[in-house]
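Just so it is clear, the model here is predicted, and its values are computed rather than measured. First the proteins, then the strands, lettered A, B, ... as listed; each starts at 1.
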Protein chains: 2
Amino acid sequence: MTRPMAQNDTVEAFLDAAERLLITIGYAGISARRLAEEAGANHGLIHYYFGSMEQLLIQVLERFTSRLIARQTAMYAADVPFLEKWRTAMGYLDQDFASGYPKIWLELQALAWNHPEVQERLAQVNAQWRAVLTEALAKAMADYRIDTEQFPVEAVVALAMTFQEGIFLERLGGITEGQVELLDMIDRWLVRLERAKTDGRHEHHEGALS
Amino acid sequence: MTRPMAQNDTVEAFLDAAERLLITIGYAGISARRLAEEAGANHGLIHYYFGSMEQLLIQVLERFTSRLIARQTAMYAADVPFLEKWRTAMGYLDQDFASGYPKIWLELQALAWNHPEVQERLAQVNAQWRAVLTEALAKAMADYRIDTEQFPVEAVVALAMTFQEGIFLERLGGITEGQVELLDMIDRWLVRLERAKTDGRHEHHEGALS
DNA sequence: ACATGGATTATACACTTGTATAAACCACTC
DNA sequence: GAGTGGTTTATACAAGTGTATAATCCATGT
């Protein structure tokens, strides 16, 4: 083992630079030389360490998605009321957008639309995310005594996921109309469920949507 | 007026070809020569008719979004129960995906993330779409006697929009899990509202979400 | 019949693209 | 201190990029 430090440093510099460029100019604007400049390294090293630009972007994807899953898992695995998990997740929204996180995520999605191998990897990430969310929501719906025949867990999970992705998409398009009201509405709704649960009058809790 | 037919034909051929390429390879993969080949025209004509590739893509955006708005407006402006409008909209989903419609839409979104002028145009489209949906939903919620204090119209509109965009995004990523169940769930919920309305017992209709 | 002028073609330009490779570097071991 | 080998640099290459322009085509109006 000669000098793995230096190697890792350079590799990470490239991956970091790639994420930065995904945020600022998008995947379509990333070229080998532009990336090397951003990373403060020689562009010949891309071939040396990654073999090709495509392989580099795939490594960006791998690193980014593994981080994403780790966070989602940690958040929803906590043993706290679902309301609290939800608020934590929603609390991330603003700081996430400030950090450029969703831009990276959606740029990788856009990349995947035209690259089947990337698409497959993202599908796996999606599946893991869905699994985490399913577990958390199944537990929450049991706690809140929600009728899973009228409201199947998979359907609620799908709603939560499309909701989250839609929020990302709209915000990245610079659209924020109605989102505060929507988040407030959901919060009030969860508070009501939480209250109904702790009240103990479970026989028939009305007013969820009317 | 020399030969406007021919001119229009060529211009349309380029715009059509661009839409086709957005579906198959995405905006990042479109080059002037590849586009001209797809359009069956000389690539010099791009400069002749559009001035630049960027202007061409903007015209693609204009034509596509104006069609989109026309359809949305026509659909939600009809004087039928909201349930029917919703079913029509959801019925479009499958055939839309078969036609590549959402791929074009999302590719243009992805383009907009890194091009402010395009972003502005898409924001306008979004605003119009929101306006149409707001009118339809406000009417529906009044019909269904939904408490707009607990469930503000803007919040419900935002939910409907993020929902639709999330569906597009997931399907384009090849993900369909839970979507059928979700659409069924929403449909059942709307049916219940519709039934409650026609029954005439409006004093206190329970069971919306429990 | 012929000139007009928009439409089309072929070609040219300077530049960027991804990838490859030989040379140079340099911290380390023997 | 010479040699070793991973790391880095500079450079090369063919191909592709967007844009521009002169030449050509050809349906039209006179």
### Query
Are A:Leu172 and A:Glu107 close enough that some pair of their side-chain heavy atoms sits under 4.5 Å apart?
no
### Query
When the ring centroid of A:Phe64 is compared with that of A:Tyr101, is the distance short of 6.0 Å?
yes
### Message
So, OP1 or OP2 of C:dT8: does either fall under 4.0 Å of a side-chain N or O from B:Thr10?
### Response
yes
### Contact under 4.0 Å: A:Tyr48 side-chain N or O vs D:dT8 OP1/OP2
no
### Task
Nearest whole angstrom, please: distance from the P of D:dG16 to the CD of B:Glu37.
12 Å
### Message
Against A:Asn126, only a single residue in A:Gln124, A:Gln128, A:Arg130 fulfils side chain to side chain donor-acceptor pair (under 3.5 Å); can you say which?
### Response
A:Arg130
### Task
For the residue pair A:Glu154 and B:Glu177, establish whether any side-chain heavy-atom pair is separated by less than 4.5 Å.
no
### Query
How many Å lie between CG on A:Leu45 and P on D:dA10, as a whole number?
11 Å
### Query
Just by protein heavy atoms under 4.0 Å, how would nucleotides 11-22 of chain C read 5' to 3' in B, S and -?
BB----BBBBB-
### Message
I'd like to check B:Arg87 versus B:Val191 (side-chain heavy atoms, cut-off strictly below 4.5 Å). Are they in contact?
### Response
yes
### Query
Do you see a donor-acceptor pair shorter than 3.5 Å between the side chains of B:Arg171 and B:Thr176?
no
